[in-house]
Amino acid sequence: MNIVVLGAGLVGAPMAKDLAGDAGVRVTVADISDTALARLSGQDGIQTVKADLADQTALAGVMDGADIVVSAVPGFMGFATLKAIIEAGKDVVDIAFCPEDPLLLDAPAREKGVTAVVDCGVAPGMSNMLTGHCHSRLDRTDSAIIYVGGLPEIRRWPYEYKAVFSPIDVIEEYVRPAFYVENGTMVKRPALSDPEYIDFPGVGTLEAFNTDGLRSLVKTLEIPNMKEKTLRYPGHIEKMAVLRESGFFSTAPVEVNGAMIRPLDLTARLLFPMWQLKEGEVDITLMKIVVEGEKAGRRIRYTWDLFDRYDPATRVHSMARTTGYTATMAVRLIRDGHFSQKGVTPPERIGMVPECVAFILDGLARRGVEYRETVEKR
């Protein structure tokens, strides 16, 4: 089994190592960064290839001979990369979280006989899967709300935030409008809107705000009330809102001393050193999913909780574990023949197959990522 991982970043590299530990698997990792690829040098079962994945010819060459492709490219490259993978006739698990709608590629994927699981991280990803799983167990679902965030354990001024993704992908959360469903109607709100404070045991009070995290859920599940909110330490909303409203996240070039630059590029360059998780730096991932509805005439509330920390034994950050291992378990789901639906599949559709959910939850638990379910009946 030949698996190609596109991207050797802080999520791509742990995914490659996790997959390479399986018998009979050969992993090839492609990235344009020598530094990123060097972290995988000498790893058993892993071959590295330097390639500009934005170059369609180079991308096609990297994928040649692959049985399954894992896309961990930055979000702005995600849609074009997914399209190329599908056109190459390769099964794919995608965590790129592109701003475009990946369901637009469903028909081409079906025509090519490709199984494409998209948005397959922690959120979107497990958030969708578990929401779909709860929805499938109810006769009627009335509401679903998701709270999720990745945070450094130690808060450091000024941003009290760290990321395993590229800063541009993180900034996208603060500028892309958020869509949610209220009383059966689609609602569009600015990112960072509708703040609320929530207490989490062992962490304290966090602020939650609207982001575009529901993704495909607003199209695939008939739930009249659905919302996803991102969690940060208090004060983060105001800082990001000031930067956004001042134009620092703009993609429109401005003239500075005779040179045209995009404010977003400068902002990302300045923020990355402060936001980058350093090796050994402890991060945590929190998620709470609450789905309510009715079954056989009784009110039921399903709650799923996740609290995950950096693993010092493997030196893998929590956000990389919770995102990457979801994707690698989905790869195994396809590889082992447990899921073979053709077309573009968002995680909630996998969530409607109990055996698939159990397979992924078991694999995550064996890697130390544990989701805890609580069921309340009235």
Side-chain angles (χ1 to χ4, degrees), residues 2-16 19 27-33 36-37 40 46-122 124-125 128 163-173 176 212 215-216 251 264-265 268 320 323-324 326-328 330-331 334 342-347:
N2 294 318
I3 299 174
V4 171
V5 178
L6 304 177
L10 290 177
V11 181
M15 287 196 296
L19 291 167
V27 177
T28 299
V29 184
D31 201 295
I32 197 170
S33 168
L37 293 173
L40 293 168
I46 296 178
Q47 176 185 357
T48 59
V49 176
K50 183 175 181 178
D52 180 0
L53 299 176
D55 183 314
Q56 295 293 299
T57 301
L59 177 60
V62 168
M63 293 189 296
D64 187 38
D67 296 301
I68 302 177
V69 176
V70 181
S71 178
V73 300
F76 68 89
M77 293 171 54
F79 191 81
T81 303
L82 179 61
K83 185 172 183 287
I85 296 168
I86 290 170
E87 289 175 348
K90 306 295 184 181
D91 289 342
V92 55
V93 174
D94 189 343
I95 65 164
F97 314 137
C98 59
E100 301 90 346
D101 182 358
L103 294 177
L104 294 173
L105 297 173
D106 181 55
R110 290 177 184 272
E111 290 171 7
K112 287 286 188 177
V114 165
T115 298
V117 179
V118 297
D119 283 357
C120 196
V122 61
N128 301 54
V164 298
F165 304 109
S166 74
I168 289 179
D169 281 356
V170 176
I171 290 169
E172 183 73 19
E173 294 184 2
R176 187 190 302 175
D212 191 32
R215 305 274 287 181
S216 56
T251 58
L264 174 63
D265 294 331
T323 299
T326 302
T328 58
V331 168
I334 297 170
K342 304 306 177 187
V344 173
T345 298

Do you know which two heavy atoms are closest between [X] and [Y], and how far apart they sit?
X: Asp101; Y: Phe79; result: O-CE1, 3.4 Å
X: Asp119; Y: Pro347; result: O-CG, 3.4 Å
X: Ala66; Y: Val4; result: CB-CG2, 3.5 Å
X: Ala330; Y: Cys120; result: CB-SG, 3.6 Å
X: Pro14; Y: Gly9; result: CD-O, 3.9 Å
X: Ala84; Y: Gln56; result: CB-OE1, 3.3 Å

Test of understanding: with side-chain contact (heavy atoms from CB on, under 4.5 Å), list the residues that count as partners of Gln47, not counting sequence neighbours.
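Once residues adjacent in sequence are excluded, the partners of Gln47 under the side-chain contact (heavy atoms from CB on, under 4.5 Å) criterion are Thr28, Val49.
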I'd like to check [X] versus [Y] (side-chain heavy atoms, cut-off strictly below 4.5 Å). Are they in contact?
X: Arg110; Y: Asp106; answer: yes
X: Ser71; Y: Leu82; answer: no
X: Val70; Y: Leu19; answer: yes
X: Asp265; Y: Thr251; answer: no
X: Arg215; Y: Pro346; answer: no
X: Ile95; Y: Thr326; answer: no
X: Leu6; Y: Ile85; answer: yes
X: Pro74; Y: Ile168; answer: no

About how many Å separate [atom2] of [Y] and [atom1] of [X], when rounded to the nearest 0.5 Å?
X: Ile86; Y: Thr81; atom1: CD1; atom2: OG1; value: 11.0 Å
X: Cys98; Y: Leu105; atom1: SG; atom2: CG; value: 8.0 Å
X: Lys83; Y: Leu59; atom1: NZ; atom2: CG; value: 12.0 Å
X: Leu53; Y: Asp31; atom1: CG; atom2: CG; value: 6.5 Å

**Prompt:** Which residue, Val92, Thr115, Ile334, Asn2, forms the side-chain contact (heavy atoms from CB on, under 4.5 Å) with Ile68?
**Reply:**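 Among Val92, Thr115, Ile334, Asn2, the one that satisfies the side-chain contact (heavy atoms from CB on, under 4.5 Å) with Ile68 is Ile334.
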Tell me if the NZ atom of Lys342 is crowded by more than 12 foreign heavy atoms within 6.0 Å.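 Atom NZ in Lys342 is packed in, count exceeds 12.
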